[in-house]
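What follows is a short report on a single structure.
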Amino acid sequence: MERLKLVLQYFQSNSESISNGICAILALISVKLYTSFDFNCPCMPQYNKMYALGVMFIPPIILFLLGVLVNRHTGVMMEEWVRPPGKRSKNPAVIRYLFTAMIQRALLAPVVWILVTLLDGKCFVCAFSMNVDPKYFSGMPNNTGLDLQKLMAKVPCKEDIIFRNNTFRKAVSRYVRCYSQTIGWSLLLLLILLGAVGRVLKPCFNHAAFLQTRYWSNYLDIEQKLFDETCVLHAREFARKCVVQFFEGMQDDVVLRLPLSPLHLRPRQKEDDVDGEDEECLHGITRHDQVDHLLHTWYMSKPVLDVTKMAFKPRVYITWEDIDGRILCSDV
């Protein structure tokens with residue numbers, strides 16, 4: 001149970017982990033779908049190959065598109081690609097990194113489906129049984145009245161009366177299935193070798209550039225999420241303000257408590273000051289056209305990545321002095 005909690009915490013830690021979890025779930029779903037799918041070859045020369053190859057490659061295309069849709073990197077990449085440059089220049093390396101990450105995760109489920117179909121061999125037998133030369137196998141029935149192509153097309157159908165308890169059909173099916181499994185294991189070995197070579201050679205390249213690219217890709221993801229959260233908070237406060245103003249008889253129950261200075265008491269704030277505080281919470285955006293302008297400005301010209309003005313924003317300090325200029329009290 002604790003291991004399950006650790007796995008869930010990992011998948012909930014960031015968007016990249018969530019994308020990995022979703023792609024892993026899609027891969028498991030692809031295996032489950034194939035095992036529960038009842039594959040029935042048409043056993044007709046004009047349809048065998050089309051049906052078998054369709055089962056082998058059409059579901060992976062659907063799974064690939066689903067992987068692209070559910071991957072958060074897709075939306076971040078497209079927004080960064082199509083946005084106007086404005087005050088912030090685009091970084092092609094970040095877009096390439098997001099695209100590569102999206103493709104890698106989206107290909108997981110389709111590759112698993114293709115590997116399972118190759119290792120199982122039913123689709124391969126249905127598609128290529130007609131390409132086998134029957135002279136290498138004994139026991140072929142000759143009294144069926146069918147030509148050779150139609151006869152070989154019925155090899156995947158073990159329930160057919162022609163091949164019932166026939167060793168020829170079993171031999172041909174075993175032969176084609178061995179080819180299918182050989183291709184499947186070779187493809188799996190190739191993928192493992194490519195992953196191992198990529199992991200070994202990765203530190204040999206410019207690792208500093210890779211870290212920079214990964215940092216800014218994570219920044220774009222977090223910035224978009226924070227912007228969405230801020231929009232939700234702003235819209236909630238804006239809607240609350242509009243509703244309160246609509247119902248004129250409704251009283252705002254929010255009580256504002258402020259610390260008092262030890263030397264003097266501040267005068268009680270007026271209603272206008274409270275309204276000013278509310279408007280300040282809305283960042284000065286109090287009209288429909290102002291909100292539209294703010295969102296348009298964010299899209300057309302995102303702010304420059306420079307927080308020095310915010311980090312070193314000047315603060316106001318109060319110092320009390322006597323008539324001779326000596327400091328009596330200061331909040332510095």
Side-chain angles (χ1 to χ4, degrees), residues 7-8 10-41 48-78 81 95-129 131 156 173-203 205 210 213-214 217 221:
V7 172
L8 293 177
Y10 169 76
F11 285 137
Q12 294 175 356
S13 59
N14 51 48
S15 297
E16 186 173 358
S17 301
I18 293 174
S19 300
N20 292 337
I22 292 175
C23 292
I25 291 174
L26 284 177
L28 294 176
I29 291 175
S30 66
V31 175
K32 183 64 177 178
L33 284 176
Y34 183 80
T35 54
S36 61
F37 174 69
D38 189 13
F39 181 82
N40 293 313
C41 186
N48 276 18
K49 186 171 294 186
M50 181 175 61
Y51 176 76
L53 294 180
V55 172
M56 186 177 295
F57 293 108
I58 290 180
I61 295 174
I62 297 174
L63 292 171
F64 175 77
L65 295 177
L66 287 176
V68 171
L69 290 176
V70 300
N71 198 326
R72 182 172 173 81
H73 284 154
T74 305
V76 177
M77 179 198 67
M78 293 303 298
W81 184 30
I95 299 177
R96 288 195 299 268
Y97 176 84
L98 292 172
F99 178 78
T100 304
M102 180 265 295
I103 292 295
Q104 289 176 350
R105 289 169 175 81
L107 282 176
L108 178 60
V111 169
V112 169
W113 177 278
I114 293 175
L115 286 175
V116 171
T117 55
L118 289 174
L119 295 177
D120 182 62
K122 292 179 182 177
C123 293
F124 213 80
V125 173
C126 180
F128 298 103
S129 63
N131 300 95
S173 298
R174 190 182 303 112
Y175 175 77
V176 180
R177 184 169 293 179
C178 288
Y179 264 103
S180 176
Q181 292 177 349
T182 302
I183 296 174
W185 286 114
S186 301
L187 179 60
L188 181 60
L189 178 62
L190 177 63
L191 293 175
I192 294 175
L193 288 176
L194 289 177
V197 171
R199 179 59 66 93
V200 171
L201 296 181
K202 184 179 179 180
F205 296 96
F210 172 76
T213 304
R214 185 169 183 176
S217 66
D221 185 15

Which heavy atom of [X] sits nearest to which heavy atom of [Y], and what is that distance?
X      : Y      : result
Ser180 : Thr117 : OG-O, 4.1 Å
Lys49  : Ala127 : CE-O, 3.3 Å
Phe39  : Lys122 : CE2-O, 3.7 Å
Asn48  : Pro156 : ND2-CG, 4.5 Å
Trp113 : Leu33  : CZ3-CB, 3.9 Å
Val125 : Ser173 : CG2-O, 3.8 Å

Does any part of the side chain of [Y], heavy atoms only, come nearer than 4.5 Å to the side chain of [X], both counted from C-beta?
X      : Y      : answer
Asn71  : Leu69  : no
Phe124 : Arg177 : no
Val112 : Leu26  : no
Gln181 : Leu118 : no

[X] side, atom [atom1]; [Y] side, atom [atom2] - distance, nearest 0.5 Å:
X      : Y      : atom1 : atom2 : answer
Ile95  : Met78  : CD1   : CE    : 9.5 Å
Thr182 : Leu119 : OG1   : CG    : 10.0 Å
Leu98  : Arg72  : CG    : CZ    : 11.0 Å

Using the test disulfide (SG to SG under 2.5 Å), find all partners of Cys123 that sit at least two apart in sequence or belong to another chain.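 Testing Cys123 for disulfide (SG to SG under 2.5 Å), a comparison that skips the adjacent residues, returns none.
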Please check this pair: side chain of [X] against backbone of [Y], looking for a donor-acceptor N/O pair closer than 3.5 Å.
X      : Y      : result
Arg199 : Gly195 : no
Ser30  : Ala27  : yes
Thr74  : Val68  : yes

Are Trp185 and Leu115 close enough, and set up right, to give a side-chain contact (heavy atoms from CB on, under 4.5 Å), and what steps lead you there? CA-CA 8 Å; Trp185 286 114; Leu115 286 175; over 6 Å; no
Below 30° counts as parallel, above 60° as perpendicular, anything between as tilted: where do the rings of Tyr175 and Tyr179 land?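 The rings of Tyr175 and Tyr179 stand perpendicular, inter-plane angle above 60°.
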Quick one: do Tyr97 and Met77 satisfy side-chain contact (heavy atoms from CB on, under 4.5 Å)? Show the steps, please. CA-CA 9 Å; Tyr97 176 84; Met77 179 198 67; over 6 Å; no
If the condition is side chain to side chain contact (heavy atoms under 4.5 Å, CB included), which residues does [X] pass it with, not counting sequence neighbours?
X      : answer
Gln104 : Thr100
Ile25  : Ile29
Leu193 : Leu189
Thr35  : Val31, Lys32

Would you be so kind as to tabulate the donor-acceptor pairs closer than 3.5 Å made by side chains of residues 54-67, with sequence neighbours excluded?
none

Does atom CZ of Phe99 have more than 12 heavy-atom neighbours from other groups under 6.0 Å away?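 It does not: Phe99 CZ has 12 such atoms or fewer within range.
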Check the pair Val111 / Leu191 against side-chain contact (heavy atoms from CB on, under 4.5 Å), numbers first and verdict last. CA-CA 10 Å; Val111 169; Leu191 293 175; 3.4 Å; yes
